[in-house]
Amino acid sequence: MSESRIVIRKCNGLDEISACVTLQKQVWNFADAELIPLRMFVVADKIGGQVIGAFDDGEIVAFALSVPGSRGGHSYLHSQMLAVRSEYRNAGLGRKIKLFQREDALGRGFELIEWTFDPLEIKNAYLNIERLGAIARRYHVNQYGITSSPLQGGLPSDRLVAEWWLKSERVESLLRVGRKPEFETLKTIPVPAEIYGWKAAPATRGRAKEVQDRNRKDFQQAFSDGLAVLGYERDQQGAGKFLLGRWNETWMYSS
């Protein structure tokens, strides 16, 4: 991959949008019934959402899909999916697409982009919290049911809700000087590096489920106590750790 060849822009026309649907299936390996259909991509593009592609020499290699939402009288964007072709991962492309999403959203008057993510996915959690500056203070149990994607490992599809407050001091400081405002860590929630292997093998899937069950309870209790995920650490062995504290900014759309 030549990074200089990558162009990130909104998708134009049915051919490029159809390529997103094809890439979705390659990346997630969902059963057909669980795929987001072409019509949903088209509708999102028409009603104020985002269908953003990354193109290498004209070929789509990654995309992001967002749809508009409303809560408490405020409009926001819900980023439903970000997919990157395997050979283009771990090179910062996902973050670049998210930053393109942010600029487009700000240009249209949005203050918030939300998405959900699996709290057992260590690399993704680090990107969302540390590299983008999202916070999390809501936990959804088994949001999509037991999915057909091998990435889920047959576990309940528990999700944290990432809130990306585009004009918050937290996000602007991170993008401006490369660091977030300091906070006091009041609780930590660990994710072992072995979680990927445990999810993948039927013999050890029970261990992954134990981690999920324990962390689910910890997140739910912490959020009910008014804490939020504000940081994420990874150690040399690849394990992850959520850092929770009290967010001193007041950004919130009431449900």
Side-chain angles (χ1 to χ4, degrees), residues 6 8-56 59-69 76-105 108 110 112-129 131-132 134 136 138 140 142-153 155-164 166:
I6 303 292
I8 299 173
R9 59 170 173 80
K10 289 189 173 182
C11 291
N12 297 315
L14 280 176
D15 287 346
E16 291 184 355
I17 294 176
S18 295
C20 294
V21 178
T22 301
L23 182 58
Q24 170 196 191
K25 189 164 187 176
Q26 292 171 352
V27 169
W28 296 102
N29 199 24
F30 283 134
D32 286 349
E34 293 180 304
L35 289 172
I36 299 173
L38 174 65
R39 286 176 179 240
M40 191 65 241
F41 281 82
V42 172
V43 168
D45 183 55
K46 299 295 186 186
I47 64 171
Q50 297 169 321
V51 184
I52 294 166
F55 298 84
D56 185 353
E59 180 181 5
I60 194 162
V61 297
F63 76 85
L65 169 69
S66 299
V67 294
Y76 67 98
L77 288 172
H78 177 83
S79 186
Q80 175 61 25
M81 181 173 283
L82 173 65
V84 180
R85 217 161 74 182
S86 58
E87 60 267 37
Y88 290 82
R89 294 174 196 160
N90 302 315
L93 183 55
R95 183 175 186 269
K96 290 178 180 178
I97 293 173
K98 298 302 288 187
L99 294 178
F100 187 97
Q101 281 187 302
R102 178 178 184 267
E103 291 304 311
D104 174 74
R108 294 192 286 133
F110 291 104
L112 170 66
I113 300 178
E114 289 189 350
W115 61 91
T116 62
F117 66 99
D118 185 346
L120 299 181
E121 291 289 326
I122 294 169
K123 289 182 180 179
N124 197 22
Y126 183 84
L127 168 67
N128 294 335
I129 305 303
R131 300 282 287 142
L132 295 173
R138 285 177 283 155
H140 293 170
N142 199 23
Q143 175 162 305
Y144 302 108
I146 305 297
T147 77
S148 58
S149 173
L151 299 176
Q152 196 63 42
L155 297 183
S157 54
D158 286 17
R159 295 293 185 266
L160 285 170
V161 180
E163 301 175 37
W164 200 22
L166 307 179

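Being a predicted model, the structure only gives us computed values, none of them experimental.
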Point-to-point distance, once rounded to the nearest 0.5 Å, from [atom1] of [X] to [atom2] of [Y]:
X: L65; Y: Q101; atom1: CG; atom2: CD; result: 9.0 Å
X: Y76; Y: E163; atom1: OH; atom2: CD; result: 10.0 Å
X: R39; Y: K46; atom1: CZ; atom2: NZ; result: 13.5 Å
X: N128; Y: L82; atom1: CG; atom2: CG; result: 9.0 Å
X: K98; Y: W164; atom1: NZ; atom2: CH2; result: 6.0 Å
X: Q143; Y: T116; atom1: CD; atom2: OG1; result: 4.5 Å

By side-chain contact (heavy atoms from CB on, under 4.5 Å) - contacts of [X] (at least two apart):
X: V43; result: M40, I47
X: R95; result: L99, L127, R131, L132, L175
X: A105; result: Q50, L77, F110, I113, L166
X: A162; result: W115, F117, A134

[X]: which residues meet the side chain to side chain donor-acceptor pair (under 3.5 Å) condition with it, sequence neighbours left out?
X: D158; answer: Y139, R216
X: R138; answer: E114
X: R85; answer: E59, E87
X: S157; answer: N142

Q) What are the two closest heavy atoms between V84 and V27, and how far apart are they? A) O-CG2, 3.6 Å
Q | Closest non-hydrogen atom pair, I60 against G53 | A | CD1-CA, 4.1 Å
Q. Under 3.5 Å, is there a donor-acceptor pair between the side chain of Q24 and the main chain of I36?
A. yes
Do [X] and [Y] come within less than 4.5 Å of each other through their side chains, counting heavy atoms only?
X: D118; Y: L155; result: no
X: I146; Y: P156; result: yes
X: M81; Y: W28; result: yes
X: F55; Y: C11; result: yes
X: I97; Y: I52; result: yes

Q | Pairs touching residues 10-31 that satisfy salt bridge (Lys or Arg N to Asp or Glu O under 4.0 Å), sequence neighbours left out | A | R9-E16, K10-D104, K25-D32
Q: Could you give me the CA-CA distance, side-chain angles and deciding distance for V61 and L93, then say whether side-chain contact (heavy atoms from CB on, under 4.5 Å) is met?
A: CA-CA 10 Å; V61 297; L93 183 55; 4.2 Å; yes
